[in-house]
Amino acid sequence: MMVTVKLFASLRERASASELRIELAEPATVALARDALAERFPTLCDFLPRVAWAVNRAYVPIETELRDGDELAVIPPVSGGCDDVT
Amino acid sequence: MMVTVKLFASLRERASASELRIELAEPATVALARDALAERFPTLCDFLPRVAWAVNRAYVPIETELRDGDELAVIPPVSGGCDDVT
Amino acid sequence: MTSHEDWISLLPEPLDAAAAVAFVTDGQAGGIDVFLGTTRAETSSDGRALIALDYEAYEQMAVEQLRELARRARERWPIVRLAILHRTGRVAVAEPSVIIAVSTPHRAESFTACRRLIDTLKQDVAIWKKEVWADGSGTWVGGNPNDETRNPNE
Amino acid sequence: MTSHEDWISLLPEPLDAAAAVAFVTDGQAGGIDVFLGTTRAETSSDGRALIALDYEAYEQMAVEQLRELARRARERWPIVRLAILHRTGRVAVAEPSVIIAVSTPHRAESFTACRRLIDTLKQDVAIWKKEVWADGSGTWVGGNPNDETRNPNE
């Protein structure tokens, strides 16, 4: 099965990719996709413990099952709005 | 001594006057000015127990002494801003 | 923090929200809160429609009071820029009678300062309003000797 | 109360506060609260000046999340009209990155709803920002694996 993976912000820059397709053996989960990503992009390894995951634009837990064609997004800590104390 | 009296809103309409001068015997107080007003404008009598008083644009207690030339304002309950529940 | 002069005004013309936002916009600020009080459509208990509010001010005193509100707000919150604009005269339904715009370094302070300013303004600034009804009648808010509105010194 | 469609948008162009105010102005409302988050000038610990923030969004997800925020706010407060506008791309110092405008029948609700909307937006909407410094360097906020920012699911 194939899933589309979307990368944003620091992860997109680190991987030099904003969208890619990965092939996973069934039954696949977000956790297995994470492992596949870590193998393909070793530079992401230190980011992945701190991200959230979204499947088809909704946050999901890491043990969620994936289906063929799913859009999996790796969500680093968000910072929309304004006014963070830097 | 003479003081200028300013009337606003419901009191101005009821008295058909926005500004007038009254003569008071010394020593005069806001309370004495109130009594003089009530005598001159009997239609204000039922309003006067509920108003506040300002001398020279600052709220004062009713026992405040007046000086010649003071500007005494009769302040009905204020309602600036917006959004009173009617 | 640089202290800028506040924009405090009683105005007989329509209030300009964009001008208030522009006035308080500043590179030292991360948050701007703007409150607009607008005339809300109402129907009286006997079925008359509200068409406008007429605002009357003791102008010299009201402006001094607004400046004092601004001064006290600046003592309490790290305000970068501040505008307090209030209408006089007739304000039709949906039009603003008051605009308060506050910019602060962080967003929480802008909400708190703006909220406090409008609450305090309503309590003691020498401004009155009259409800103007479709049948031509008018009612001073708080101006009825038999109602329960408190006077500002109580 | 008539329910109007909300104005929810991610925009690459400068946000227009006057348009947001006009959108939420309504005769059923007595209070409008508008919050603008603006890029605040900063200096890094090693003396570099912040010149802008670059915003990146997972656009389809972020818009769905903003619509869900709006839906939940309408369940909780009697909102007449609502606009939530967020920038993408580069936002210079003093420019707004986000505008939230809320009109409600009474003023207290407009402050509470607006405040809650901006607080919630910052917590979980799929938008990221990068600090852009005068020397050309950039820092993703929350994007450093060694810092302490929480992820939105924790």
Quiz item: Is there a donor-acceptor contact under 3.5 Å from the side chain of D/Arg40 to the main chain of C/Gln28?
Solution: no
Practice problem: Looking only at non-hydrogen atoms, find the nearest pair between C/Ala108 and D/Arg115 and report the distance. | Solution: CB-NH2, 3.5 Å
Quiz item: With only heavy atoms counted, which part of C/Asp16 is less than 4.5 Å from chain D, the side chain, the backbone, both or neither?
Solution: neither
Quiz item: Is it the side chain or the backbone of D/Ser110 that comes within 4.5 Å of chain C heavy atoms, both, or neither?
Solution: side chain
Exercise. Answer yes or no: does atom CZ of D/Arg116 have more than 12 heavy-atom neighbours from other residues, nucleotides or ligands under 6.0 Å?
Key: no
Practice problem: Supply the atom-to-atom distance D/Ile100 CD1 to C/Arg107 CZ, rounded to the nearest 0.5 angstrom. | Solution: 9.5 Å
Practice problem: Return the option, out of D/Ala41, D/Ala20, D/Ala29, with the maximum number of heavy-atom pairs under 4.5 Å with chain C. | Solution: D/Ala29
Self-check item: Taking every non-hydrogen atom, the tightest pair across D/Ala94 and C/Asp26
Solution: CB-C, 3.9 Å
Exercise. Check whether C/Asp33 gets within reach of chain D through its side chain, its backbone, both or neither, counting any heavy atom under 4.5 Å.
Key: both
Quiz item: Mind checking whether C/Phe35 and D/Phe111 have ring centres under 6.0 Å apart?
Solution: yes
